[in-house]
Amino acid sequence: MSKALDILRERGFLAQITFEEDLEKAFDEGMVTFYNGFDPTADSMHIGHYIPVMAMAHLQRAGHKPIALMGGGTAVIGDPSGRTDLRKMLTREQIDQNIEGIKRQMLKFLDFDSGSANAAEIVNNADWLLKLNYVDFIRDIGSLFSVNRMLAAECYKQRLERGLTFLEFNYMLMQSYDFLHLFHEKGCTLQTGGDDQWSNILSGADLIRRKEGKPAFALTFKLLLTTDGVKMGKTAKGALWLSPEKTSPYDFYQYFRNVDDADVAKCLGLLTFLPMDEVRRLGAMEGSAINEAKRVLAFEVTKLIHGEDEAQRAQQAAEALFSGGGMGGSIPTTEITEAQLSEDNRLVALVALCGLCKSKGEARKTIEAGGIAIDDTKVTDVDARIDAAQLQGEGLLIKKGKKSFHRIVLK
RNA sequence: GGAUGGGUUCCCGAGUGGCUAAAGGGAGCAGACUGUAAAUCUGCCGUCGACGACUUCGGUGGUUCGAAUCCACCCCCAUCCA
């Protein structure tokens, strides 16, 4: 039974695969060790990392061994795929800290228990890349790369028109070397990643085939794009993060509660573990009935990331708020002190403080546009002030537009 | 190293001495309509205790009553040549 690939195929993960039949056979014959790269540029994953992690989880459940490679060594170069700015250099300590944060989030999806044969592992390519000797490297590895072929790769073709430094040009070699290294050290024969990584992954697999004469495979996942072709997960506040400190469970829930109709089925397959029968049933809903599917989607995804309790609370909060009025559940809340309040008790200050608006000016403009309501009453006075009494007990519910809520209570 | 063309607000991109906080588009936010969707229409869209004030047009100096716009030097980018 070729379960592993079928599962990914059915759920809509697959973008491109090399030697599909051989890979399928390898999956069927026994445990395949595979890896997926992650950039430890922050201490939390965001929704873009989620697809590979889900795919890794599916593959591990099918009996294969996942390795999460942290790009501690390559992060300092910056992947040229689709990006124009060089990334900031991070210190070793920051990177290690970030890796810890990311690992903690992966624990929910991957089994790192060393007791099992296919336990997941985390490695950091800084451990081997930083030790490389330049001359050895270009002789052993560089000699196996054809510049002509590299230039033909789609990711460089575009960059050639805009400019590409030699530093970035080397990214492909380093990533290929990672694959070779893991092939040697861990018997890793497959690299996975987002579809924007196709060229890099492919060249790694090629390197192993050429240098070792052994099979190695490349597999990419579809990127999480909205129907408009834009990367999903962009919000007013930036990326959609998996850590509750960076994106509250409520906001996280709301993001998926609000996805485009056309994206619902895709998201259910990719982002949840729901059986495909259920995914198809929900995805086929039309008109306002599809709101039910969105509820399920938002709940399931929030549950996977933040746990069932948080998901429940986010859902209750959303439903209480949208069905008119009430508090309850976990609405993002800000506590403020008497001192803060006496310093500036204008409503615009509070709205800016809690993050509903980026600045007091923006808060003022939003009020002028009729976009701010307190306890469901539209505010018309730009100079409105709030006193301590209003913040007692349950506090004050500030609403911006139709979908953003924030509660303010006195500490 | 040489020649040429460039660096404008979140992004693209006009502007070539005062009428310019800087056209237009995109993104974003808000309003109407809706299903917490999409499409459409409308408003906002540098910052601020805001009928006013302050800071922006790669950097630093200069010319001028007045500069994103002119001059000098410097930095960066692209294309061609080496």
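Remember, predicted model here, so these are calculated numbers, not experimental data.
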Exercise. If you check the Asn258(A) side chain, which of U36(B), A30(B), G49(B) turns out closest?
Worked result: U36(B)
For this session: May I ask you to check whether Tyr177(A) and Phe137(A) place their ring centers less than 6.0 Å from one another?
Result: yes
Exercise. If the P atom of U16(B) is compared with that of A21(B), how far apart are they to the nearest Å?
Worked result: 16 Å
Problem set entry | Carboxylate-amine/guanidinium contact Lys211(A) Asp140(A), below 4.0 Å | no
For this session: Can you figure out which of A37(B), A30(B), G31(B) approaches the side chain of Lys403(A) most closely?
Result: A37(B)
Exercise. Is Lys360(A) near enough to U47(B) that one of its side-chain N or O atoms lies under 4.0 angstrom from OP1 or OP2?
Worked result: no
Problem set entry | Centroid separation Phe405(A) to Phe322(A) less than 6.0 Å | yes
Exercise. NA contact type, Gly370(A), heavy-atom cut-off 4.0 Å: base, sugar-phosphate, or nothing?
Worked result: sugar-phosphate
Exercise. What's the closest nucleotide to the Lys378(A) side chain, out of G49(B), G31(B), A37(B)?
Worked result: G31(B)
For this session: Determine the Euclidean distance between corresponding C1' atoms of A32(B) and A78(B); express it in Å to zero decimal places.
Result: 47 Å
Seminar exercise, completed: Regarding the side chain of Thr366(A), the nearest nucleotide among G31(B), U36(B), A30(B) is A30(B)
Problem set entry | Most 5' of Arg385(A) and Ser288(A) on RNA chain B, judged by nearest nucleotide | Ser288(A)
For this session: Using whole Å, report how far CG of Asp383(A) lies from P of A50(B).
Result: 9 Å
Exercise. For Ile290(A), which contact category applies under a 4.0 Å heavy-atom criterion: base, sugar-phosphate, or nothing?
Worked result: base
For this session: Name the residue closer to the 5' end of RNA chain B, choosing between Arg364(A) and Gly287(A) according to the nucleotide with the nearest heavy atom.
Result: Gly287(A)
Exercise. Mind checking whether Phe179(A) and Tyr35(A) have ring centres under 6.0 Å apart?
Worked result: yes
For this session: Specify the separation, in whole Å, of atom CD of Glu362(A) and atom P of G31(B).
Result: 13 Å
Problem set entry | salt_bridge(Glu310(A), Arg313(A)) N-O dist < 4.0 Å | yes
Exercise. What is the nucleic acid contact for Glu368(A), judged by heavy atoms within less than 4.0 Å: base, sugar-phosphate only, or nothing?
Worked result: nothing
Seminar exercise, completed: When rounded to whole Å, the CZ to P distance for the pair Arg346(A) and G49(B) reads 5 Å
Exercise. Using atom P of each nucleotide, how far apart are U69(B) and G62(B) to the nearest Å?
Worked result: 15 Å
Problem set entry | Proximity to the side chain of Lys400(A) - top-ranked nucleotide from A37(B), U34(B), C29(B) | C29(B)
Exercise. Closest to the Lys365(A) side chain: C45(B), A37(B), G31(B)?
Worked result: C45(B)
Exercise. Of all the choices, C48(B), A37(B), C44(B), which nucleotide is nearest to the side chain of Ser359(A) once you look at every atom?
Worked result: C48(B)
For this session: Give the ring-plane orientation class for His181(A) versus Trp128(A), where under 30° counts as parallel, over 60° as perpendicular and anything between as tilted.
Result: parallel
Exercise. If you write RNA chain B from 5' to 3' in dot-bracket form, with Watson-Crick or G-U pairs under 3.5 Å, [ ] for crossing pairs and | for pairs with another strand, what do you get?
Worked result: (((((((..(((.....[.....))).(((((.......))))).(((...)))...(((((..]....)))))))))))).
Exercise. What's the CZ-P distance between Arg295(A) and G35(B), to the nearest Å?
Worked result: 17 Å
Problem set entry | Nucleotide of A30(B), U36(B), A50(B) approaching Phe322(A) most closely (side-chain heavy atoms) | U36(B)
Exercise. Can you tell me how far C1' in C19(B) sits from the matching atom in U63(B), rounded to whole Å?
Worked result: 23 Å
Exercise. Is there a donor and acceptor pair, one atom on the side chain of Lys358(A) and one on the base of U47(B), closer than 3.5 Å?
Worked result: no
Exercise. Is Asp261(A) side chain donor-acceptor paired with the G35(B) base, going by distance under 3.5 Å alone?
Worked result: yes
Problem set entry | Centroid separation His64(A) to Phe34(A) less than 6.0 Å | no
Problem set entry | Pair Phe273(A) + His58(A): ring centers closer than 6.0 Å | yes
